[in-house]
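Down below is the structure, laid out as structure tokens.
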Amino acid sequence: MNCLEARRALLGEPRRRTSEVEAHLVDCAACGAVAAGMLELDDRIAEAASVPAPDALADRILLARERPPRLRYAAAAALLVTAALGVMLGRELVDTDATVEVVGPGHPAVAAMSEVAEDTTRVLLSEEDAARELEHVLGRVGLALRKGEATAHYVGKCQVTGTACDRIVLSTPDAQANVILVPEYPLGPPVLVSDGRRSALASPARAGGYIVVSDTPKNARRMARLLRKG
Amino acid sequence: MFESRAKRFEALVRAYSAELYRYGYWLCRDRFTAEDLVQETFARAWNAWSKLREEKAIRNWLYTILRNEHARLYERKRLDVVDDFDLDSIEDRKLTSVSPEFEMREALHALPEAYREPLLLQVLGGFTCEEIATIMNTTPGAIMTRLSRARLALRRSAGRVDKESSA
């Protein structure tokens, strides 16, 4: 084996050296340096490529298998995505393909629509406690309610994408929305999705994010504007 | 019997979900979609459990399912590799004084998918050329070529970052 052949082999599989490559490296210091450099390069590639997996990913997968109806709804919702995303609020792109590339059946916006449709939220609080809790849960994600523009009611705890969330209901004289507060799941740029029956606008907040679920895309955006940075 | 199957499945999920997520992330480069891909991979694996003959082939099987699921999700046509692709163009990006790890990640993003995918299957997944060729439905020789070209491009890119950092 000559140097060219050895280096080709090292570039392809630096960690699996044939006996011929090993024999060449014994006699060739230059190729030995190339071999060491390749191992170092692979370490750097591995370090850069090792993106962290989400917390409790395995738990969510196992939970999803035990709850098939929810998954089916989520998958159907993703397939029926009709309205678009806007990196800037107010901009709407009617481009289903572009939207499908951004969201999938596990996206929190789709999961939030499932949650509202299935209404599995646990209601544990009295009216008085719920009023106190409302301010607390909004503040935890860095939000507050614009005063005098809507009534809000804390509903209770729920699960979206395997994460513990809080659910509140916002009402104005002509519209209503469920707001899912996701304190421990950082959301990306705003995404608006719709399955024809409900629309969900997912937005980042100071800590985590929030998803406004309403009957139309227009109402989801309108109701989202009732929240401000807290 | 069902309980045994469920336990084995759970062990599988706990053993491989994180590495499949990483592979999925680099295929689609979107963390929500990557999680969906892993979810769907295990859902399909569960449904096709009875077809699994060789326990030792299970990891390759999961990677193949995820790859197929990614292709199905995007209804993507199989990519043809353009062998004269100008990998040197990766070096033309403006380098800034950020960490070498960040620059390496950017260089990986800039690699064409046909080169990045086999490289990550080998570096992260530890697969051999033959195994990668099976997963990607091509020949070991083609994989070897792509791996060599990918490493050469990244080595040039990394070398420039090191020079800038030490300057």
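A, B, ... follow the sequence lines: proteins, then strands. Residue 1 opens every chain. A quick note: this is a predicted structure, and the numbers were derived from the prediction, not measured.
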For chain B, which of A:A9, A:A53, A:A46, A:A49 has the most heavy-atom pairs under 4.5 Å? A:A49
Determine whether a donor-acceptor pair (N or O, by modelled atom type, separation under 3.5 Å) exists between the side chain of B:E35 and the backbone of A:L57. no
Heavy-atom distance under 4.5 Å to chain A: side chain of B:Y23, backbone, both or neither? neither
State, with a plain yes or no, whether a side-chain heavy atom of B:R155 is found less than 4.5 Å away from one of A:M38. yes
Within 6.0 Å of CD in A:E20, more than 12 heavy atoms from elsewhere: no
For B:R105 and A:A48, indicate whether the former's side chain and the latter's backbone hold a donor-acceptor pair under 3.5 Å. yes
What's the spacing between A:I61 CD1 and B:W46 CH2 if we round to 0.5 Å? 14.0 Å
CZ (B:F9) and CG (A:L62) are apart, to the nearest 0.5 Å, by 6.5 Å
At a 4.5 Å cut-off on heavy atoms, which part of B:Q122 comes close to chain A: side chain, backbone, both, or neither? side chain
Nearest 0.5 angstrom please: A:R60 CZ to B:S17 OG, how far? 9.5 Å
Which distance, rounded to the nearest 0.5 Å, do you find between the CG of B:L119 and the CD1 of A:I45? 4.5 Å
For B:R151 and A:G12, indicate whether the former's side chain and the latter's backbone hold a donor-acceptor pair under 3.5 Å. yes
Relative to chain A, which of B:L152, B:I143, B:V38, B:T128 shows the most heavy atom pairs under 4.5 Å? B:T128
Any chance you could measure B:E130, atom CD, to A:R16, atom CZ, to the nearest 0.5 Å? 9.0 Å
